[in-house]
Structures are given as structure tokens and as C-alpha cells.
**Student:** 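Here it is, the structure, as C-alpha cells.
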Amino acid sequence: MNSPDVVIHHDADLLAESAAARLITRLADAQAARGHASVVLTGGGVGIATLAAVRRSPARSAVDWSALDVWWGDERFLPPGDAERNETQAREALLDHVPVAPERVHPMPAEAGEFAGDPERAADKYAVELNAATPAGTDSDVPEFDVLMLGVGPDGHVASLFPEFPALHDERAVVSVHGSPKPPPTRISLTLPTIRSAAEVWLLAAGEGKAPAVQMALSGAGPTQIPAAGAHGRHRTLWLLDDAAASKLPSGLNRRATP
Ligand SMILES: O=C(O)[C@H](O)[C@@H](O)[C@H](O)[C@H](O)COP(=O)(O)O
């Protein structure tokens with residue numbers, strides 16, 4: 001397993017701007033190499049701020065948005081269009097402002113229609129959608145995402161994988177989560193094996209409240225206690241932090257502070 005890279009930024013705004021620039025470059029490079037790219041988005045303050053920074057960036061036109069597949073790492077299981085849905089916030093922050101191909105944007109199902117009251121059915125549907133997008137001949141049920149972004153909770157959760165929850169031990173690609181300590185209580189989430197199918201996993205954390213979880217994740221804690229510790233990419237695991245979230249890091253880590 002690759003050792004994580006850590007990049008520290010002076011504040012949350014700079015973190016979001018830097019993550020946005022990094023994302024634009026990474027997606028443009030993937031498209032230059034293969035003609036298309038894929039990204040997994042996260043909810044939460046830093047994740048959405050990063051998308052808004054992409055929207056504001058003149059460099060955003062370096063991405064061929066029509067050749068980008070957009071997935072989500074988790075979703076709050078709420079009615080379509082609910083302001084609290086990660087999809088709603090991602091569309092408002094970025095996706096409604098760039099020419100994505102609608103058929104290449106893959107939101108997790110909302111609580112409506114056949115999925116009303118049935119998050120398990122919604123999770124299964126998303127697993128089927130991921131599998132359908134997986135090239136034949138690979139030994140995986142999910143695509144190899146170019147970049148999978150994750151916010152990090154103060155308890156070390158990523159996506160909707162919370163410490164000690166059964167979802168952490170589930171071998172399926174996508175699961176429903178009940179009794180989430182972070183509202184709303186019912187969610188849909190990729191599991192750790194699916195997260196780990198990404199070429200690069202980026203973990204975004206800002207603020208003093210995340211410092212203990214960041215320290216534990218980077219100092220050997222296990223994924224049951226600190227789910228972020230189990231989130232690593234096949235080629236790269238990158239922690240993008242602000243000074244406050246990095247304030248408890250042990251010395252000697254591969255940390256590069258931006259000027
Ligand atoms: O649905 C969600 O809430 C997110 O996917 C969740 O995993 C979030 O990324 C973290 O809780 C960090 O959120 P903040 O960046 O707002 O602290």
C-alpha cells in the first residue's frame with residue numbers, strides 16, 4: 001500500500017482553491033491520455049467548496065466536461081432536489097454551470113418512487129450502475145475512478161462510513177446506512193473496497209475539529225476506529241489539509257506546506 005502524501009494549506013479557502021486546481025489538472029491529464037475521465041464527488045463543506053472553486057476557475061475549460069463521468073461517494077437518502085442532498089449541492093456549486101453530459105452524471109437514487117422507504121434497493125441500483133460502467137475483462141465490479149474525493153468527519157468517517165458501523169465490513173460495492181450520527185440518519189455509501197478501486201483517493205479536511213482524526217488516521221489507527229485510515233488509492237493517497245486540521249500531525253510525515 002502506498003504511503004500517503006500530505007499537503008498542508010494555510011486555511012480552508014486556500015485548501016479548496018488548491019484542491020480545485022489539482023482536480024482540474026488531474027482530470028485534464030486523464031482525458032489527454034485516454035479521452036475521458038471519472039471523478040467521485042463528496043458532500044460536506046470542503047468538498048462542495050472545492051467544486052465551487054472549480055466553477056470560479058478560468059482553468060475549468062481545460063476539462064472536457066462532456067467526457068467526464070461523475071459519481072458520488074455517498075448520498076443523504078432524501079427526496080429528489082432536497083437542499084441537503086450531496087447531488088443538489090454539487091449541481092448548484094458546479095455541475096449546473098459546466099457542459100457535463102447528463103447521461104454521464106450518476107447521482108445516487110433519491111428517496112422517491114421505487115426507492116421510497118427502501119435505501120437497500122437504492123444501494124443495489126447504484127451497484128448495478130457502477131458494474132454496468134465497468135469495462136469488460138476487468139476483475140472488478142466497479143470502474144477504476146481517476147479521482148475519488150472524500151471529506152473527513154471529526155470522528156474519522158469518510159463518505160457515510162462511520163466508526164464501528166457494519167458498513168465497514170460489508171463486501172458489497174454500495175450499502176445503505178441507518179442511524180448515521182451525522183444527519184440525516186439514512187444514507188447510501190460506497191464501501192471501502194469500492195473507494196480503494198480509485199487510482200487516486202484525496203481526503204480533504206479543514207478545521208481544528210478534524211485534527212485528532214487526521215492524526216489517528218495517519219498514525220496507524222485501523223479503519224474500524226477511523227474509517228479514513230482505510231481510504232487509500234491504488235496509485236496515490238493524498239491528504240489535503242489546512243493548518244488547523246494538520247495541527248496534531250506527528251513530525252516527519254511527508255508534509256509539504258504551500259507557500
Ligand atoms: O454526506 C456527507 O456529509 C459527506 O459525504 C461526509 O462524508 C462529509 O464529507 C464529512 O462529514 C465532512 O464534512 P465537512 O467537510 O462538512 O466537515
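Read the numbers this way: they start at 1 and go in the same order the structure lists the ligands and their atoms.
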**Student:** So D82 and R76, salt bridge (Lys or Arg N to Asp or Glu O under 4.0 Å) or not? Walk me through it.
**Tutor:** CA-CA 9 Å; D82 189 295; R76 296 110 181 249; over 6 Å; no

**Student:** Does S160 reach ligand 1 with a nitrogen or oxygen that is under 3.5 Å from one of the ligand's nitrogen or oxygen atoms?
**Tutor:** no

**Student:** Within a strict 4.5 Å, meaning less than it, do heavy atoms of the H178 and T186 side chains meet?
**Tutor:** yes

**Student:** So do V39 and W202 actually touch side chain to side chain, heavy atoms under 4.5 Å?
**Tutor:** no

**Student:** Distance to 0.1 Å, residue and atom name: give those for the protein heavy atom nearest to atom 14 (P) of ligand 1.
**Tutor:** G45 N, 3.4 Å

**Student:** Let's go through W71 and L190 carefully: what are the C-alpha distance in whole Å and the side-chain angles of both, what is the deciding distance for side chain to side chain contact (heavy atoms under 4.5 Å, CB included) to 0.1 Å, and is it a yes or a no?
**Tutor:** CA-CA 10 Å; W71 304 88; L190 303 186; over 6 Å; no

**Student:** Would you mind checking which non-hydrogen protein atom is closest to atom 17 (O) of ligand 1, with the distance to 0.1 Å?
**Tutor:** K210 NZ, 2.5 Å

**Student:** How close does the nearest protein non-hydrogen atom get to atom 9 (O) of ligand 1, and which residue and atom is it?
**Tutor:** G43 O, 2.9 Å

**Student:** Looking at ligand 1, does any of its N/O atoms fall within less than 3.5 Å of an N/O of A159?
**Tutor:** yes

**Student:** Pair R22, L240 - check side chain to side chain contact (heavy atoms under 4.5 Å, CB included), show working.
**Tutor:** CA-CA 10 Å; R22 194 180 290 275; L240 298 172; 3.7 Å; yes

**Student:** Please list, in number order, the atoms of ligand 1 under 4.0 Å from a heavy atom of T42.
**Tutor:** 5 (O), 9 (O)

**Student:** Is G47 in contact with ligand 1, taking contact as a heavy-atom separation below 4.0 Å?
**Tutor:** no

**Student:** Would one find an N or O of V158, backbone or side chain, under 3.5 Å from an N or O of ligand 1?
**Tutor:** no

**Student:** Start with the C-alpha distance between D141 and T134, add both sets of side-chain angles, then the distance that settles side chain to side chain contact (heavy atoms under 4.5 Å, CB included), and finish with yes or no.
**Tutor:** CA-CA 6 Å; D141 293 335; T134 304; 5.7 Å; no

**Student:** Looking at W72 versus Y126, is the centre-to-centre ring distance below 6.0 Å?
**Tutor:** no

**Student:** For atom 12 (C) of ligand 1, which protein heavy atom lies nearest, and how many Å away is it?
**Tutor:** V152 O, 3.6 Å

**Student:** Which option out of E75, R85, K182, H157 puts a heavy atom nearest to atom 13 (O) of ligand 1?
**Tutor:** K182

**Student:** Can you tell me which residue and heavy atom of the protein come closest to atom 5 (O) of ligand 1, and the distance to 0.1 Å?
**Tutor:** D74 OD1, 2.7 Å

